[in-house]
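Chain letters run A, B, ... following the sequence lines, proteins first, then strands; residues in each count from 1. Given the structure is predicted, the values throughout are model-derived calculations rather than measurements.
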Amino acid sequence: MKISIYRFNPETDQQPRMQDFELDDDSLDRDTMLLDALLLLKAQDETLTFRRSCGEGVCGSDGMNVNGRNLLACVTPLFSLRTPVEIRPMPGLPVIRDLIVDMKQFYRQYRAVDPYLVNKDPEPEVERLQSPAEREKLDGLYECILCGCCSTSCPSFWWNPDKFLGPAALLQSWRFLADSRDQATDERLANLDGPFKLFRCHTIMNCVEVCPKGLNPTQAIGRIKELMIRRTT
Amino acid sequence: MGLRVWLLQRVSAIYLGGYLVYVLVHFSLHPRPDYAEWHNWIGQPLVAIGSAGFVLALLLHGWVGLRDVVLDYVHHLGLRLVLLTLIVFLLLGSGLWAIRILMQAGS
């Protein structure tokens, strides 16, 4: 199988380039994931660099752009991909080396939405309880693994990564706005107002299209707008 | 600024859609008006006011859309301010022109 991979080492290279690799089909079977293939290629050429950790779609380390689409290499069956497979780093963030991008901007936007429970009541003896219905509202929100596939496929995030929070951070913002135990609704909404942080979203929905966990940031953004309208009228 | 402008875009879109449906229905019921018929139609107070509302909604909607394009793509602060100002003047000018046309048709 032919695989073409983006190579760039800023210490030695002037320009990034695409390098063609060939994988022996005998070393592959139906269950081979893209990450397995990358590990085989790394055995061929140990300078090939990429992030990986859990290998089962939980840690969110191996987000990359394959045939023009962001995905997690560890949960993508190799034979589901059109050949020759073209692998590039996730777009819109600075490349550190090969398939590794600098996620600093992404994490900064995540931090900017205060992704933690804010509750000013005195700490109770037991846990802060929720009804099953209240807990259900967090389904489809808490599962985010912060792989960055959504935000780096969002044109609005490409154009304004420092000002627009991006789908991943906004999904987390809604995760805490929707939490019955959180008491910072007004502060959170006030923090999101203005033309950039939330309202650069033009419902392009690339985020929904690529999310490896099947989450829906566009819907979360819509819910935030709905809540803003309800709070101001 | 964020929410209000976004709402303005949605509300103006609804008005534009409604007006468009009205105009399409009107002209499919009364196709090919001559000048007198056209003048008579646009001169009716309700139609004139509705059309003025259409122009206003169109300008506001256009302003939000063009502002979005500038905010998305133009990152140099000075250039952005110049472009936004130009757009406002262009839209204001078009609005005044349209109102003049409507006033002439109504008189």
Any B/Trp6 side-chain heavy atom under 4.5 Å of A/Ile229 side chain: yes

Residues of residues 131-148 of chain A contacting chain B, heavy-atom criterion under 4.5 Å, by residue number: none

Residues of residues 100-108 of chain A within contact distance of chain B, non-hydrogen under 4.5 Å: none

Heavy atoms from other residues, nucleotides or ligands near CZ of A/Arg17 exceed 12 (cutoff 6.0 Å): yes

Members of residues 13-20 of chain B whose heavy atoms come closer than 4.5 Å to chain A: none

Backbone of A/Trp159 reached by a side-chain donor or acceptor of B/His75 within 3.5 Å: yes

Interface residues of residues 178-202 of chain A facing chain B - heavy atom cut-off under 4.5 Å: A/Asp193, A/Gly194, A/Pro195, A/Phe196, A/Phe199, A/Arg200, A/His202

Residue among A/Lys225, A/Met228, A/Lys163 with most heavy-atom pairs under 4.5 Å to chain B: A/Lys225

Interatomic distance, B/Leu3 atom CG to A/Arg231 atom CZ [nearest 0.5 angstrom]: 13.5 Å

Neighbour count above 12 (heavy atom, 6.0 Å) for B/Leu24 CG: yes

